[in-house]
Amino acid sequence: MRVLLLGGTAEARALAARLHPDFDIVSSLAGRVPDPALPVGSVRIGGFGGVPGLRNWLGDNNITAVVDATHPFAATITAHAAQACRELGMPYMVLHRPPWDDDGAIRVRSDTEAAEVIAAKGYSRVFLTTGRSGTAAFRDSDAWFLIRVVTAPEPAALPRNHHLLSSRGPYRYDDEHALLEDYRIEALVTKNSGGEMTRAKLDAARNLGVDVVMIQRPELPAGLAVVESVSDAAEWVLRQPG
Ligand code: NAP
């Protein structure tokens, strides 16, 4: 058995650590961030070239199963991997951590809808944590934004009034609480990423009465095997033939 582990998440690194060296695993990263946290074992970096490129890569590298532990918002790679595996008749499983409880949050379906809510509610000081590709929708907003990203967006994709914070989680409750207070934040905009590394901002927002605008996850393609924990993903790999 040789498994392709699509990664770029803490869960993918934890799964690689769980399976290595007993299983033959190749982890794959998109190559978006400089100096990424690397999983143990063998790693390849960069896109495959769509569904045909991925199908060829799987064949050329004698892969027998694919575990997709990419971020819940990385919908394109998941759609591609699901299709390539379906076409090849290859076992494929998605590991997605459970979403955060969004009770009390304003639920939206996209960055664009979140920007509409910010305008409609008239928030003037907003904490934006939707990532490098999630700032462009707010470009024309009149609000002021505290924007936290791993790598800075292009200047053209930034709102007029903002302050950029470059950092990478995990984040602690006390620090998130202080950040929201110091910058006098009225609303937090976040994707429903789930996981412990970045959830402290939600607890801090809730306790400070800061409104939360939560972008819902894209839907997974129908009919996939999905698990929510690293242990369940490891068990799935153990069950594969070979
Ligand atoms: P995406 O929109 O779903 O994927 C865009 C393209 O990037 C894919 O078509 C594929 O290129 C390539 N790609 C994505 N993940 C890959 C992987 N693990 N290995 C090889 N190629 C990959 O993905 P995204 O939202 O830009 O996220 C990119 C990576 O960052 C993912 O691996 C994800 O786990 C991680 N990440 C994403 C987020 C987020 O909020 N989206 C947050 C944290 C981490 P080809 O078509 O050329 O194969």
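If you're wondering where the values come from, they're calculated on a predicted model, not measured in any experiment.
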Task: Separation of K201 NZ from T129 OG1 (nearest 0.5 Å) - done: 3.0 Å
Task: Minimum-distance pair of heavy atoms, taken over all atoms of L6 and A81 - done: CD1-CB, 3.7 Å
- [ ] Using atom types as modelled and distance alone, determine if a side-chain donor or acceptor of H162 lies under 3.5 Å from a backbone N or O of P159.
- [x] yes
Task: Verdict with supporting geometry, L179 and L146, side-chain contact (heavy atoms from CB on, under 4.5 Å) - done: CA-CA 10 Å; L179 195 71; L146 176 65; 4.0 Å; yes
TODO: Report the C-alpha distance between V213 and K121 in whole Å, list the side-chain angles of each, state the deciding distance to 0.1 Å, and finish with yes or no for side-chain contact (heavy atoms from CB on, under 4.5 Å).
DONE: CA-CA 11 Å; V213 180; K121 295 257 184 191; over 6 Å; no
- [ ] For the residue pair W57 and F48, categorise the inter-ring angle as parallel (less than 30°), tilted (30 to 60°) or perpendicular (more than 60°).
- [x] perpendicular
Open item on the list: A side-chain contact here means heavy atoms from C-beta on lying under 4.5 Å apart; do H20 and I25 qualify?
Closed with: no
Task: Side-chain donor/acceptor of R217 to backbone N/O of N192, under 3.5 Å - done: yes
TODO: Verify the cluster assignment for L4 and V94: are they in a single hydrophobic cluster under the rule of side-chain heavy atoms below 4.5 Å apart?
DONE: yes
Open item on the list: When you measure from the side chain of R2 to the backbone of N61, do you find a donor-acceptor pair of N or O atoms at a distance under 3.5 Å?
Closed with: yes
TODO: Report yes or no: do L188 and V149 belong to one cluster of Ile/Leu/Val/Met/Phe/Trp/Tyr joined by side chain heavy-atom distances under 4.5 Å?
DONE: no
Task: Note, S231 side chain near R18 side chain (heavy atom, < 4.5 Å) - done: yes
Task: Sub-6.0 Å ring centroid separation between F127 and Y183 - done: no
Open item on the list: Using side-chain heavy atoms (C-beta onward) and a distance below 4.5 Å, is M93 in contact with V227?
Closed with: yes
Task: R132/E154 ion pair, N-O < 4.0 Å - done: yes
Task: Under 3.5 Å donor-acceptor, R97 side chain and G194 backbone - done: yes
- [ ] Establish, for the pair R199 and Y171, whether the NZ or CZ atom is under 6.0 angstrom from the six-membered ring centre and no further than 45 degrees off its axis.
- [x] no
Task: Note, F138 side chain near V189 side chain (heavy atom, < 4.5 Å) - done: yes
TODO: List for me each residue that meets salt bridge (charged side-chain N to carboxylate O under 4.0 Å, His left out) alongside D101, sequence neighbours excluded, and say none if there are none.
DONE: none
TODO: Report whether L95 and L224 are members of the same hydrophobic cluster (ILVMFWY, side-chain heavy atoms less than 4.5 Å apart, transitive linking).
DONE: no
Open item on the list: By the ring pair (Phe, Tyr, Trp, His ring centres under 6.0 Å) test, which pairs, at least two apart or in different chains, include something from residues 68-106?
Closed with: H71-F73
Task: N/O donor-acceptor pair under 3.5 Å between T130 side chain and T190 backbone - done: no
Open item on the list: Within this structure, what is the CG-CG distance for the pair L29 and L38, rounded to the nearest 0.5 Å?
Closed with: 6.5 Å
Task: Minimal non-hydrogen separation, T151 against P34, with atom names - done: CG2-CD, 3.2 Å
Open item on the list: Is there a path of hydrophobic side-chain contacts, each under 4.5 Å between heavy atoms, that joins F23 and V3?
Closed with: yes
Open item on the list: Looking at R44 and S27, would you say the former's side chain and the latter's main chain have a donor-acceptor pair under 3.5 Å?
Closed with: no
Task: Shortest non-hydrogen contact from G31 toward I45 - done: CA-CG2, 3.5 Å
Task: Taking every non-hydrogen atom, the tightest pair across A84 and L58 - done: CB-CD1, 4.4 Å
Open item on the list: Using 0.5 Å steps for rounding, measure from the CG atom of L158 to the OG atom of S141.
Closed with: 12.5 Å
Open item on the list: One pair to check against side-chain contact (heavy atoms from CB on, under 4.5 Å): L208 and E181. What are the steps and the verdict?
Closed with: CA-CA 8 Å; L208 284 167; E181 269 195 324; 3.8 Å; yes
TODO: Might you point out which heavy atoms bring T78 and P221 nearest each other, and give the distance in Å?
DONE: CG2-CD, 4.2 Å
Open item on the list: Looking at R55 and E87, is any side-chain nitrogen of the basic one under 4.0 Å from a carboxylate oxygen of the acidic one?
Closed with: yes
- [ ] Report the distance from atom CG of L128 to atom CG of L165, rounding to the nearest 0.5 Å.
- [x] 11.5 Å
- [ ] Could you check V126 against E186 for side-chain contact (heavy atoms from CB on, under 4.5 Å), going step by step and ending with a plain yes or no?
- [x] CA-CA 6 Å; V126 179; E186 297 165 355; 6.0 Å; no
Open item on the list: Pair E176, R148 - check salt bridge (Lys or Arg N to Asp or Glu O under 4.0 Å), show working.
Closed with: CA-CA 12 Å; E176 298 293 62; R148 186 165 65 193; 2.8 Å; yes
- [ ] Determine whether W144 and R160 make a side-chain contact, defined as any pair of heavy atoms from C-beta on separated by less than 4.5 Å.
- [x] no
- [ ] Quick one: pull up CD1 in I215 and CG in D111 and give me the separation to the nearest 0.5 Å.
- [x] 4.5 Å
- [ ] Nearest 0.5 Å please: distance from the CZ atom of R172 over to the NE2 atom of H177.
- [x] 13.0 Å
Open item on the list: Is there a path of hydrophobic side-chain contacts, each under 4.5 Å between heavy atoms of I/L/V/M/F/W/Y residues, joining V212 to I185?
Closed with: yes
Open item on the list: To check you understand the geometry: which heavy-atom pair defines the closest contact between A152 and L164, and what is its length?
Closed with: CB-CD1, 4.0 Å
TODO: Flag the pair M90 / V66 as yes when at least one side-chain heavy-atom distance between them is below 4.5 Å, and no otherwise.
DONE: yes
- [ ] Show your working on salt bridge (Lys or Arg N to Asp or Glu O under 4.0 Å) between D103 and R107 and close with a plain yes or no.
- [x] CA-CA 9 Å; D103 276 2; R107 300 184 187 116; 3.7 Å; yes
